[in-house]
There are 2 protein chains.
Amino acid sequence: MLDLTPVEAVACCSPLMSTPLSKEAAEGIAPLLKALADPVRLRLMSLVAAHENAEACVCDLNDAFDLSQPTISHHLKVLHEVGLLDRTKRGTWVYYRVNPDAVAAVANLFGVVRAAGEASAPAGAR
Amino acid sequence: MLDLTPVEAVACCSPLMSTPLSKEAAEGIAPLLKALADPVRLRLMSLVAAHENAEACVCDLNDAFDLSQPTISHHLKVLHEVGLLDRTKRGTWVYYRVNPDAVAAVANLFGVVRAAGEASAPAGAR
DNA sequence: CCAGTACATTGATGTATGTCGATATGCCAC
DNA sequence: GTGGCATATCGACATACATCAATGTACTGG
């Protein structure tokens with residue numbers, strides 16, 4: 001029932017705005033939005049994304065907030081669990097990286113028009 | 001108590017993936033995402049948007065869910081309070097309409113690429 | 001004015017969430 | 001191995017949220 005007609009649907013308006021979301025689709029995307037629906041996590045995402053190499057270690061992120069280290073760790077875990085952030089451990093440090101596919105999944109809701117190859121480009125460009 | 005200025009405060013802010021979001025920008029946009037971060041409300045948004053004339057009366061929406069009428073009313077109120085849905089009463093019925101500016105504010109976060117004239121078209125074309 | 005319909009508000013209840021301090025784990029240097 | 005640093009997990013707490021049944025409000029038709 002969710003027949004996405006990419007070009008037209010996206011050209012005029014977003015899937016959210018054109019096609020009634022199925023119960024399953026809504027329940028699939030809502031957790032991603034929920035993870036993003038917190039000021040701290042929003043800033044974490046943008047900090048990681050804006051960091052050089054599109055990755056950031058926790059120590060950098062901790063300093064950007066007035067919150068305790070466990071709290072930041074908790075928020076990073078939430079973002080990681082829904083797939084918005086990837087986690088890599090190198091030595092003592094843990095680096096988080098934005099998962100472009102997960103972001104694209106949310107962005108598609110709002111009719112983001114992306115070049116087909118763009119989503120995978122950052123991963124390959126590393 | 002709810003002192004957020006939903007759409008205006010956020011319409012200018014930078015995309016999530018390029019510039020680190022300021023504390024204020026994050027706190028401005030998070031309530032919109034929070035309102036959307038629920039499967040029922042996501043479906044409500046898409047149902048209203050997909051309805052003819054881009055507006056729907058509560059009676060139509062109630063029937064699309066297995067939830068009680070007060071619960072749907074509550075979700076509509078949440079979406080209305082952050083500015084994502086506009087409310088109009090005509091006779092006995094109440095009609096909800098998507099506010100394209102509010103949706104655009106969220107979409108901008110994800111770097112939505114829209115045709116230049118398109119963003120203002122829905123608002124103006126009404 | 002009365003009854004009925006459409007929608008909102010209230011009050012209650014269980015669950016989820018954000019935050020912290022304390023503690024655990026894992027890595028490194030000596 | 002010991003001590004120290006980076007990060008995660010745990011337990012506790014207060015607050016917020018989704019949901020419902022009951023009730024309130026506002027409009028309509030007779």
Side-chain angles (χ1 to χ4, degrees), chain A residues 21 23 26-45 47-48 51 55-97, chain B residues 1-4 21 23 26-45 47-48 51 55-97:
Chain A
L21 241 44
K23 186 165 184 280
E27 286 170 352
I29 199 82
L32 291 184
L33 286 169
K34 207 166 195 171
L36 288 174
D38 179 282
V40 175
R41 291 198 290 266
L42 261 187
R43 290 179 65 202
L44 280 171
M45 285 294 290
L47 277 174
V48 172
H51 224 259
E55 72 176 14
C57 96
V58 181
C59 53
D60 296 331
L61 302 172
N62 264 321
D63 298 344
F65 298 86
D66 274 342
L67 299 169
S68 69
Q69 175 266 322
T71 296
I72 298 300
S73 187
H74 161 71
H75 285 303
L76 288 170
K77 185 183 182 184
V78 170
L79 290 168
H80 174 61
E81 280 177 344
V82 297
L84 283 164
L85 286 182
D86 289 334
R87 226 181 78 104
T88 312
K89 191 164 187 177
R90 283 205 292 276
T92 309
W93 294 274
V94 173
Y95 294 85
Y96 282 91
R97 212 161 347 96
Chain B
M1 101 169 135
L2 192 57
D3 65 339
L4 38 99
L21 241 44
K23 186 165 184 278
E27 286 171 352
I29 196 83
L32 291 184
L33 286 169
K34 208 167 196 171
L36 288 174
D38 179 282
V40 174
R41 291 199 287 266
L42 261 187
R43 291 178 66 203
L44 280 172
M45 285 295 290
L47 278 174
V48 171
H51 224 259
E55 71 176 13
C57 93
V58 180
C59 54
D60 296 331
L61 302 172
N62 264 320
D63 297 345
F65 297 86
D66 273 343
L67 298 169
S68 69
Q69 174 265 321
T71 297
I72 299 299
S73 187
H74 161 71
H75 286 302
L76 288 169
K77 185 182 181 183
V78 170
L79 290 168
H80 174 61
E81 280 177 343
V82 297
L84 283 163
L85 287 183
D86 289 334
R87 225 180 80 103
T88 313
K89 190 165 187 176
R90 283 206 291 278
T92 310
W93 294 274
V94 172
Y95 293 86
Y96 282 91
R97 209 162 348 96

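In what follows, chains are A, B, ... by sequence order, proteins preceding strands, each numbered from 1.
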Write down the distance between [atom1] ([X]) and [atom2] ([N]), rounded to a whole number of angstrom.
X       : N      : atom1 : atom2 : result
A/Asp66 : C/dG18 : CG    : C1'   : 15 Å
B/Arg90 : C/dC7  : CZ    : P     : 12 Å
B/His80 : C/dC7  : NE2   : P     : 15 Å
A/His74 : C/dA16 : NE2   : P     : 14 Å

Quick check on [N]: is either OP1 or OP2 less than 4.0 Å from any side-chain nitrogen or oxygen of [X]?
X       : N      : value
B/Tyr95 : C/dA6  : no
A/His75 : C/dT19 : yes
B/Arg87 : C/dC7  : no
B/Ser73 : C/dA8  : yes

Problem - Nucleotide nearest A/Lys89 (side chain, heavy atoms from C-beta), chosen from C/dT19, C/dC27, C/dC7 - result: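 In terms of side-chain proximity for A/Lys89, the closest of C/dT19, C/dC27, C/dC7 is C/dC27.
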Exercise for the section: Tell me which nucleotide among C/dC27, C/dC7, C/dT5 gets nearest to the side chain of B/Trp93. Expected result: C/dC7
Exercise for the section: Among A/Ile72, A/Thr71, A/Val78, A/Leu76, find the one that has a side-chain contact (heavy atoms from CB on, under 4.5 Å) with A/His74. Expected result: A/Val78
Rounded to the nearest 0.5 Å, what separation is found between the [atom1] atom of [X] and the [atom2] atom of [Y]?
X       : Y       : atom1 : atom2 : answer
B/Leu21 : B/Glu27 : CG    : CD    : 10.5 Å
A/Leu79 : A/Leu36 : CG    : CG    : 6.5 Å
B/Lys34 : A/Lys34 : NZ    : NZ    : 10.0 Å

Exercise for the section: Could you tell me whether the side chain of A/Asp60 reaches within less than 4.5 Å of the side chain of A/Cys57, counting heavy atoms only? Expected result: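 The answer is yes, as the side chains (C-beta and beyond) meet within the 4.5 Å cut-off.
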Exercise for the section: Please tell me if the side chains of A/His75 and A/Phe65 come closer than 4.5 Å, counting only heavy atoms from C-beta onward. Expected result: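 The answer is no, as the side chains (C-beta and beyond) never meet within the 4.5 Å cut-off.
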Where is the tightest heavy-atom contact between [X] and [Y], given as atom of each residue plus distance?
X       : Y       : answer
A/Ala35 : A/Val82 : CB-CG2, 3.6 Å
A/Leu33 : B/Ala37 : C-CB, 3.5 Å
A/Tyr96 : A/Val48 : O-CG1, 3.3 Å
A/Ala26 : B/Pro39 : CB-O, 3.6 Å

Practice task
For B/Leu67, report the nucleic acid contact type (base, sugar-phosphate, nothing); a contact means any heavy atom under 4.0 Å.
Solution key: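 Answer is sugar-phosphate: B/Leu67 comes under 4.0 Å of backbone atoms only.
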Exercise for the section: Under 4.0 Å between any heavy atoms, over every strand shown, what does B/Tyr96 touch: base, sugar-phosphate, or nothing? Just pick one. Expected result: sugar-phosphate
Completion exercise
So, with a heavy-atom separation below 4.0 Å from DNA chain C, the residues of residues 36-44 of chain B are none
Exercise for the section: Starting from the 5' end of DNA chain C, give me the residue, B/Cys59 or A/Val78, whose nearest nucleotide shows up first. Expected result: B/Cys59
Completion exercise
Note: for A/Gly91 and B/Val94 on DNA chain C, the residue whose nearest nucleotide lies more 5' is B/Val94
Problem - Nearest-nucleotide comparison on DNA chain D, the residue closer to the 5′ end among A/Asp60 and A/Lys34 - result: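 With A/Asp60 and A/Lys34 compared, the 5'-side residue is A/Asp60.
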Fill in the blank from the handout: Counted 5' to 3', the first and last nucleotides of DNA chain D within 4.0 Å (strictly under) of a heavy-atom of chain A are D/dA6 to D/dT9
